[in-house]
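Start at 1 with the first residue, then count along the sequence. As a basis for the values below, the full set of heavy atoms in this structure was taken, side chains included, without hydrogen atoms, waters or symmetry mates.
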Amino acid sequence: MKPLTSWRPGGRTAVIGIPALWLFAFFLLPFLIVLKISVSEMETVVFKDLVSLHDGLLQISLKFSNYLFVLQDALYLKTYLSSLKYAAMTTGLCLFIGYPFAYFMARAAARWQPLLLMLVVLPFWTSFLLRVYAWKGLLSEQGLLAEALNALGADSWLLAAGAIAAPGKYMNTAFSLLVGMVYTYLPFMVLPLYGNLARLDLRLLEAAGDLGATPWVAFWRVTVPLSRAGIVAGSLLVFIPCVGEFVIPELLGGPQTLMIGRVLWDEFFSNNDWPMAAAVAVLMVLLILLPLVFFNRYQMQQRGRR
């Protein structure tokens with residue numbers, strides 16, 4: 001089979017250029033528009049021109065006060081930290097729950113793996129909003145899950161951990177928020193881990209056993225290090241969307257679980273302050289890009305070792 005670059009002149013350029021054009025049209029260009037709004041002055045429903053010409057004098061007007069206000073205001077800083085905290089907790093819980101399940105899927109018999117994979121993606125067959133609203137019913141005071149947790153005495157543990165505000169009150173708390181986030185984003189952790197663990201060479205575990213390693217030692221010294229790429233990929237797929245999540249905090253969270261997605265909504269639609277909302281959005285995107293930078297560095301280091 002001939003390589004793609006030999007099919008026609010410029011084949012390599014097309015292969016690279018089409019995805020680059022897609023990213024420019026649907027990510028970079030909208031981001032530049034939001035960036036422009038964030039440094040613009042708003043007059044009623046229109047924005048002042050950033051570049052203007054008056055009496056032969058070219059003027060450039062950039063308003064950075066929104067960024068200064070966001071960086072100095074304690075509410076915004078607290079909201080950013082809260083978003084990072086809940087995103088990190090969700091990522092950790094998804095890894096804790098998803099790794100054993102992905103390991104079980106990868107080690108299951110070949111005839112069962114398609115069924116297990118279907119069970120992971122099955123929730124996507126139902127509307128996202130319907131699934132979140134279902135958790136509202138399950139965690140309400142008369143909900144099945146709430147009554148089961150009360151019967152087990154779990155409310156006292158959650159109250160001691162600060163996850164709920166009162167005994168038996170599970171809705172609009174950090175607990176309900178984390179339950180909804182973990183349930184929603186768990187497949188995004190399981191699928192990369194499964195793909196990585198399914199390709200693991202089992203002969204390495206046999207070699208570790210021949211050298212005297214117990215199954216637990218072989219797991220921690222062989223399986224976990226070799227699945228690091230899946231762990232990193234799954235963690236990024238969970239962490240990045242969790243930072244800007246709006247629907248789950250709005251429906252399942254409470255006032256004490258304020259996240260940056262709700263702040264963006266309020267600035268855009270309640271306060272009608274588009275420059276401020278755009279500044280918050282730009283800072284959130286830059287905040288999300290940090291994990292991607294670390295991931296790229298990790299990939300480069302892995303390639304260098306090879």
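The closest side-chain heavy-atom distance from Met89 to Leu178 is below 4.5 Å. Looking at heavy atoms from C-beta onward, Leu81 lies out of side-chain contact with Ser83 at the 4.5 angstrom threshold. Using a 4.5 Å heavy-atom threshold, the side chains of Asp266 and Val263 count as separate. Residues Met259 and Thr257 are not in side-chain contact: their nearest non-hydrogen atoms beyond the backbone lie 4.5 Å or more apart. Within the 4.5 Å cutoff, side-chain heavy atoms of Leu197 are placed close to those of Thr223. In this structure the side chain of Tyr86 never reaches within 4.5 angstrom of the side chain of Ile248, judged on heavy atoms. You'll find the side chain of Val280 reaches within 4.5 Å of the side chain of Tyr80, heavy atoms only. Using a 4.5 Å heavy-atom cutoff, the side chains of Pro249 and Arg262 are not in contact.
Residue Gly230 comes nearest to Leu193 through the heavy atom pair C-CD2, 3.6 Å, listed as atom of the first residue, atom of the second, then distance. In terms of heavy-atom proximity, Phe24 sits nearest to Pro30 at O-CD, 4.2 Å. What you find for Leu264 and Ala277 is that their closest heavy atoms are CD2-O, 3.1 Å. Shown here for Pro19 and Ile16, the closest heavy-atom pair between the two residues is CD-O, 3.4 Å. Across all their heavy atoms, Pro192 and Pro187 have their closest contact at CD-O, 4.3 Å. The two residues Ala102 and Val190 have their closest heavy-atom pair at CB-O, 3.8 Å.
Under the 4.5 Å side-chain heavy-atom criterion for grouping Ile, Leu, Val, Met, Phe, Trp and Tyr, Leu77 is not connected to Leu283 through any hydrophobic cluster.
The backbone N or O of Val217 sits less than 3.5 Å from a side-chain atom of Thr214, completing a donor-acceptor pair. A donor-acceptor pair under 3.5 Å links the side-chain atoms of Gln256 to the main chain of Asn172, judged by distance alone. Under a 3.5 Å cut-off, the side chain of Ser82 and the backbone N or O of Leu258 do form a donor-acceptor pair. No donor-acceptor pair closer than 3.5 Å links the side chain of Thr90 to the backbone N or O of Met181. Side chain of Ser176 to backbone of Leu252: a donor-acceptor contact under 3.5 angstrom is found. The main-chain N or O of Glu267 is never found under 3.5 Å from a side-chain atom of Ser270 such that the two would form a donor-acceptor pair. A donor-acceptor pair under 3.5 Å is formed between the side chain of Arg131 and the backbone N or O of Pro123.
Relative orientation of the Tyr99 and Tyr103 rings is parallel, given thresholds of 30° and 60° on the angle between their planes. Taking the six-membered ring where tryptophan is involved, the planes of Phe269 and Trp265 are tilted, since the angle between them lies from 30° to 60°.
Atom NZ of Lys78 has 12 or fewer heavy atoms from other residues, nucleotides or ligands within 6.0 Å. Heavy-atom contacts from other residues, nucleotides or ligands closer than 6.0 Å to OH of Tyr133 number 12 or fewer. Taking a 6.0 Å sphere around CZ of Phe219, one finds it holds more than 12 heavy atoms contributed by other residues, nucleotides or ligands. When the shell of 6.0 Å around CG of Leu144 is examined, it contains 12 or fewer heavy atoms from other residues, nucleotides or ligands. Atom CZ of Arg107 is surrounded by more than 12 heavy atoms from other residues, nucleotides or ligands within 6.0 Å.
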Report task. Test Leu145 against Trp135 for side-chain contact (heavy atoms from CB on, under 4.5 Å), laying out the working first. Result -> CA-CA 9 Å; Leu145 184 57; Trp135 279 108; 3.3 Å; yes
Requested in this report: In sequence, state the C-alpha distance, the side-chain angles, and the governing distance for Thr91 and Tyr185, and then conclude on side-chain contact (heavy atoms from CB on, under 4.5 Å).
Outcome: CA-CA 9 Å; Thr91 304; Tyr185 290 103; over 6 Å; no
Requested in this report: Please report the C-alpha distance between Val132 and Leu129 in whole Å, then the side-chain angles of each, then the deciding distance to 0.1 Å, and finally whether the side-chain contact (heavy atoms from CB on, under 4.5 Å) criterion is met.
Outcome: CA-CA 5 Å; Val132 176; Leu129 281 175; 5.5 Å; no
**Report entry** From CA spacing to verdict: side-chain contact (heavy atoms from CB on, under 4.5 Å), Phe31, Val282
**Finding:** CA-CA 8 Å; Phe31 177 77; Val282 169; 4.1 Å; yes
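Counted by atom type alone, Trp157 and Asp155 present zero donor-acceptor pairs between their side chains at under 3.5 Å.
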Validation: residues 163-170 side-chain donor-acceptor distances under 3.5 Å, sequence neighbours left out:
residue	atom	partner	partner atom	Å
Lys169	NZ	Glu141	OE2	2.3
Tyr170	OH	Asn150	OD1	2.8

Could you go through residues 110-122 and list every donor-acceptor pair under 3.5 Å that involves a side-chain atom there, pairing it with any protein atom two or more places apart or in another chain?
residue	atom	partner	partner atom	Å
Gln113	OE1	Tyr194	OH	2.8
Gln113	NE2	Met105	O	3.4
Gln113	NE2	Ala106	O	3.4
Gln113	NE2	Ala108	O	3.1

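Checked against the 6.0 Å centroid threshold, Phe239 and Phe188 do not count as a close aromatic pair.
Looking at Thr184, Val182, Leu237 one by one, the single match for side-chain contact (heavy atoms from CB on, under 4.5 Å) with Cys94 turns out to be Val182.
Residues satisfying the side chain to side chain contact (heavy atoms under 4.5 Å, CB included) criterion with Ile288, sequence neighbours excluded, are Ile240, Val243, Met284.
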